[in-house]
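Both ligands and their constituent atoms are indexed starting at 1 by order of listing. Quick note: numbers below take in every heavy atom, side chains included, and nothing from hydrogens, waters or symmetry partners.
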Amino acid sequence: MQNKTFAIIKPDAVESNNLGKIIDIIIKNEFTILNARLITMSVSQAEGFYAIHKERPFFHDLVSFMCSGPCMVLELEKPNAVKEWRSLIGSTDPNEADDGTIRKDFAESKERNSVHGSDSDENASIEINYFFKNEI
Ligand code: ADP
Ligand code: MG
């Protein structure tokens, strides 16, 4: 168990002015924001980030969506961060997400689902490095 995870507040949530509300939820749930940056992903950045899904039928749409506007990338800290953040965001499909989860409250669809969360400690480290390692 590692105490860090990687999150994205996705373009749909920024576009619908839910960025501040989601940051508030992050803080109320006692995550510490170690790093955060508002970016607009390039196609190559989004393709690299979601490379694991490159054979999936939704890959092209997913990359377009992730590049469609600004999103916020965050490094979060909390004991058992990966599991805690995944349980706070809820299921990929908002129709299947539990009440009180971020995706239940903010997501529009399975694709435009407002937030990302790393699915393992190993991927959390890879994803944090992917967006933050070259920072000055
Ligand atoms: P999660 O983000 O919950 O870990 P996945 O890793 O399976 O989900 O998928 C990555 C992202 O790809 C999802 O968050 C969602 O934006 C998009 N996605 C997943 N499945 C679909 C689908 N069937 N149709 C459209 N978009 C999808
Ligand atoms: Mg995933």
What is the nearest protein non-hydrogen atom to [atom], stated with its residue, atom name and distance?
{"atom": "atom 15 (C) of ligand 1", "answer": "K110 O, 3.2 Å"}
{"atom": "atom 12 (O) of ligand 1", "answer": "L62 CD2, 3.3 Å"}
{"atom": "atom 2 (O) of ligand 1", "answer": "R103 NH2, 3.0 Å"}
{"atom": "atom 22 (C) of ligand 1", "answer": "F58 CD2, 3.5 Å"}
{"atom": "atom 16 (O) of ligand 1", "answer": "E111 O, 2.8 Å"}

Query raised in the report: Do the ring centers of Y50 and F65 come within less than 6.0 Å of each other?
Result: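 Centroid separation for Y50 and F65: 6.0 Å or greater.
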
Requested in this report: Would you mind listing which atoms of ligand 1 come within a distance below 4.0 Å of any non-hydrogen atom of N113?
Outcome: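 Every atom of ligand 1 under 4.0 Å from some heavy atom of N113: 13 (C), 14 (O), 15 (C), 16 (O).
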
Report task. Pull out every atom of ligand 1 sitting under 4.0 Å from any heavy atom of R86, numbered as shown with elements. Result ->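 It comes down to these atoms of ligand 1: 1 (P), 3 (O), 4 (O).
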
With distance as the sole test, does [X] use its side chain to make a donor-acceptor pair with the main-chain N or O of [Y] at under 3.5 Å?
{"X": "N29", "Y": "F31", "result": "no"}
{"X": "N3", "Y": "E77", "result": "no"}
{"X": "N113", "Y": "K110", "result": "yes"}
{"X": "D12", "Y": "S114", "result": "yes"}
{"X": "W85", "Y": "K4", "result": "no"}

Query raised in the report: Would Y50 count as a contact of ligand 1 if the rule is a heavy atom under 4.0 Å away?
Result: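 Distance cut 4.0 Å: Y50 passes for ligand 1.
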
Query - Side chain proximity check, L62 to R56, heavy atoms < 4.5 angstrom - result: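 Side-chain contact under 4.5 Å: no.
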
Requested in this report: Output yes when the distance from some N or O of ligand 1 to some N or O of K10 is under 3.5 Å, and no in every other case.
Outcome: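 Min N/O separation from ligand 1 is below 3.5 Å for K10.
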
Report task. Ignoring angles and geometry beyond distance, decide whether H53 reaches within less than 3.5 Å of ligand 1 through its nitrogen or oxygen atoms. Result ->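 Yes: some nitrogen or oxygen of H53 is under 3.5 Å from one in ligand 1.
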
Report task. Tell me, yes or no, whether the heavy-atom count around H53 atom NE2, taken from other residues, nucleotides or ligands under 6.0 Å, exceeds 12. Result ->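 More than 12 heavy atoms, drawn from other residues, nucleotides or ligands, come within 6.0 Å of this atom.
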
Query raised in the report: Taking the minimum heavy-atom distance to atom 3 (O) of ligand 1, which of V115, N123, T92 ranks first?
Result: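 Among V115, N123, T92, the closest heavy atom to atom 3 (O) of ligand 1 comes from T92.
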
